[in-house]
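The next block holds one structure in the form of structure tokens; read it before the comments.
Every number for a ligand or one of its atoms is a count from 1 in the order of the listing.
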Amino acid sequence: MAQSLRVLSGKQKRSLLPVTSFLLVGLILSFCGYSYLITQNQNPKSKLAGASKAVGQLHSQQQLKRLPRTVYPQPDVLKPSRQDVLLVTPWLAPIVWEGTFNTDLLNEQFRLQNATIGLTVFALRKYTLFLRVFLDTAERYFMVGHRVNYYIFTDQPDHVPHVLLREGRQMVILKAQSHARWQDISMRRMEVISNFSQQRFLGEVDYLVCSDVDVKFSDHVGVEILSSLFGTLHPGYLKFRRDNFAYERRPQSQAYIPEDEGDFYYTGALFGGSVLEVYRLTKACHQAMMIDQANGIEAKWHDESHLNKYLLHHKPTKILSPEYRWDKEHL
Ligand SMILES: *[C@@H]1O[C@H](CO)[C@@H](O)[C@H](O)[C@H]1NC(C)=O
Ligand SMILES: *[C@@H]1O[C@H](CO)[C@@H](O)[C@H](O)[C@H]1NC(C)=O
């Protein structure tokens, strides 16, 4: 400890001169830049006025939306909340594990946003059978205390069970077309979500959570999962090296990922984000699948392969641990 401190201070001393000169150069440059702007810009006043207005708005919003006094255990800088798992990605996105967050604090924060959360789910053909448990358990555990719209896509609206919803929650039943192959049912979800994001969701909700229907919520799933773009770690691949992930490996496919690339293997069963980001993701995946179809190729794990490709090049801002997607097989 002492040794590393000494090394640090030694470095600091040595670099003092360069830092000072950088500062000076910076000052001179910014002065020149400023004069340049003044002389170049015919109307600098309007731009400056715009900027200060934006800052003013930001300022007043922050003042309006102040967290109330909340008492909670102090976070300890020298004591990580979990030692056994990775808590943050190399691009600094948090990985959400139980025991790393305070639900009450997060709920307070999100209530300031007054956000509405959309939960999309597809129940086609015999999958309507799963809706009862899905909805019952979602009412018990999903985003409790927040406004939720369930968007249920189905080819059999009459088979959607009646479920008593809590206040602030509603169910929207949307007609969707079924397909002969389950692969097509799975893949077409991307197209449907992207269409509806543009036409409807953007005006109705702030976040979208896209889930498989054959799941059961067995513990709270709350606002800790929300972020502009989130994916979920597939429980089956935690110990795998990237070259053994189930990525699409044929370069002819749009979902192709070379063996020396890839961060994690994400499940297609749970992802989401802001409506705009989900729109971008689903549209990109749908387009990639259409190109594959035209080229006579289908990715190994269908929409999940394309999701993995998208999330490799558009890094998620939050990642859900497999705690959000355990099943009996992986417990
Ligand atoms: C919160 O959002 C709802 C629905 O969008 C709206 O009716 C309500 O007025 C909003 N409340 C506040 C305090 O902004
Ligand atoms: C999605 O929108 C496109 C363009 O409007 C349309 O051609 C397509 O049929 C729609 N697909 C679905 C599944 O609604």
Side-chain angles (χ1 to χ4, degrees), residues 57-68 70 106-125 127-128 139 142-157 160 165-213 222-223 226 228 254 268 271-294 298-299 302-304 306-307 310:
Q57 272 172 356
L58 199 72
H59 191 60
S60 64
Q61 258 175 20
Q62 271 172 350
Q63 274 179 340
L64 274 175
K65 301 189 167 181
R66 182 178 173 275
L67 266 181
T70 359
L106 285 167
N107 278 332
E108 286 290 348
Q109 267 191 332
F110 270 83
R111 237 166 247 133
L112 295 181
Q113 278 189 34
N114 194 26
T116 305
I117 300 121
L119 176 57
T120 69
V121 73
F122 287 74
L124 295 163
R125 299 200 288 179
Y127 278 75
T128 49
E139 274 305 288
F142 182 76
M143 302 288 164
V144 176
H146 298 274
R147 253 196 325 279
V148 171
N149 289 1
Y150 294 101
Y151 294 112
I152 299 170
F153 292 96
T154 183
D155 54 344
Q156 302 161 85
V160 177
L165 302 179
R166 298 182 195 233
E167 200 195 331
R169 302 164 81 99
Q170 53 172 318
M171 195 190 299
V172 182
I173 300 170
L174 300 163
K175 196 94 172 69
Q177 198 196 327
S178 188
H179 298 271
R181 297 165 66 234
W182 68 264
Q183 294 90 337
D184 289 320
I185 290 181
S186 187
M187 289 192 286
R188 285 287 166 179
R189 295 184 298 181
M190 291 292 188
E191 179 185 18
V192 174
I193 295 172
S194 93
N195 278 13
F196 273 86
S197 293
Q198 200 179 23
Q199 293 159 10
R200 176 163 191 159
F201 301 152
L202 267 174
E204 294 187 357
V205 292
D206 302 283
Y207 293 95
L208 278 177
V209 177
C210 307
S211 173
D212 274 2
V213 68
V223 297
L226 300 176
S228 18
Q254 298 295 307
F271 62 89
S274 69
V275 181
L276 186 62
E277 288 301 333
V278 171
Y279 167 69
R280 287 179 178 145
L281 177 153
T282 51
K283 191 178 160 84
C285 288
H286 170 61
Q287 284 174 342
M289 288 187 283
M290 289 297 99
I291 297 174
D292 271 10
Q293 196 181 60
E298 191 169 277
H302 320 102
D303 43 314
E304 186 170 87
H306 291 276
L307 175 75
Y310 186 88

Starting from [atom], which protein heavy atom do you reach first, and at what distance in Å?
{"atom": "atom 5 (O) of ligand 1", "answer": "Arg147 NH2, 3.9 Å"}
{"atom": "atom 14 (O) of ligand 1", "answer": "Asn114 ND2, 3.1 Å"}
{"atom": "atom 9 (O) of ligand 2", "answer": "Glu191 OE2, 4.2 Å"}
{"atom": "atom 3 (C) of ligand 2", "answer": "Asn195 ND2, 3.6 Å"}

Sidechain N-carboxylate O distance under 4.0 Å for Arg189, Asp212
yes
Salt-bridge present (Glu298, Arg181; N to O < 4.0 Å):
yes
Got an N/O contact under 3.5 Å between Thr116 and ligand 1?
no
Determine, step by step, whether Glu277 and Tyr207 satisfy the side-chain hydrogen bond (donor to acceptor under 3.5 Å, both in side chains) criterion, reporting the C-alpha distance in whole Å, the side-chain angles of both residues, the deciding distance to 0.1 Å, and the verdict.
CA-CA 9 Å; Glu277 288 301 333; Tyr207 293 95; over 6 Å; no
Taking C-beta and beyond as the side chain, do Ile152 and Val172 meet within less than 4.5 Å on heavy atoms?
no
4.0 Å protein heavy-atom contact status of atom 7 (O) of ligand 1, strictly under:
no
Students often mix this up, so state it plainly: with edges at 30° and 60°, are the rings of Phe201 and Tyr151 parallel, tilted or perpendicular?
tilted
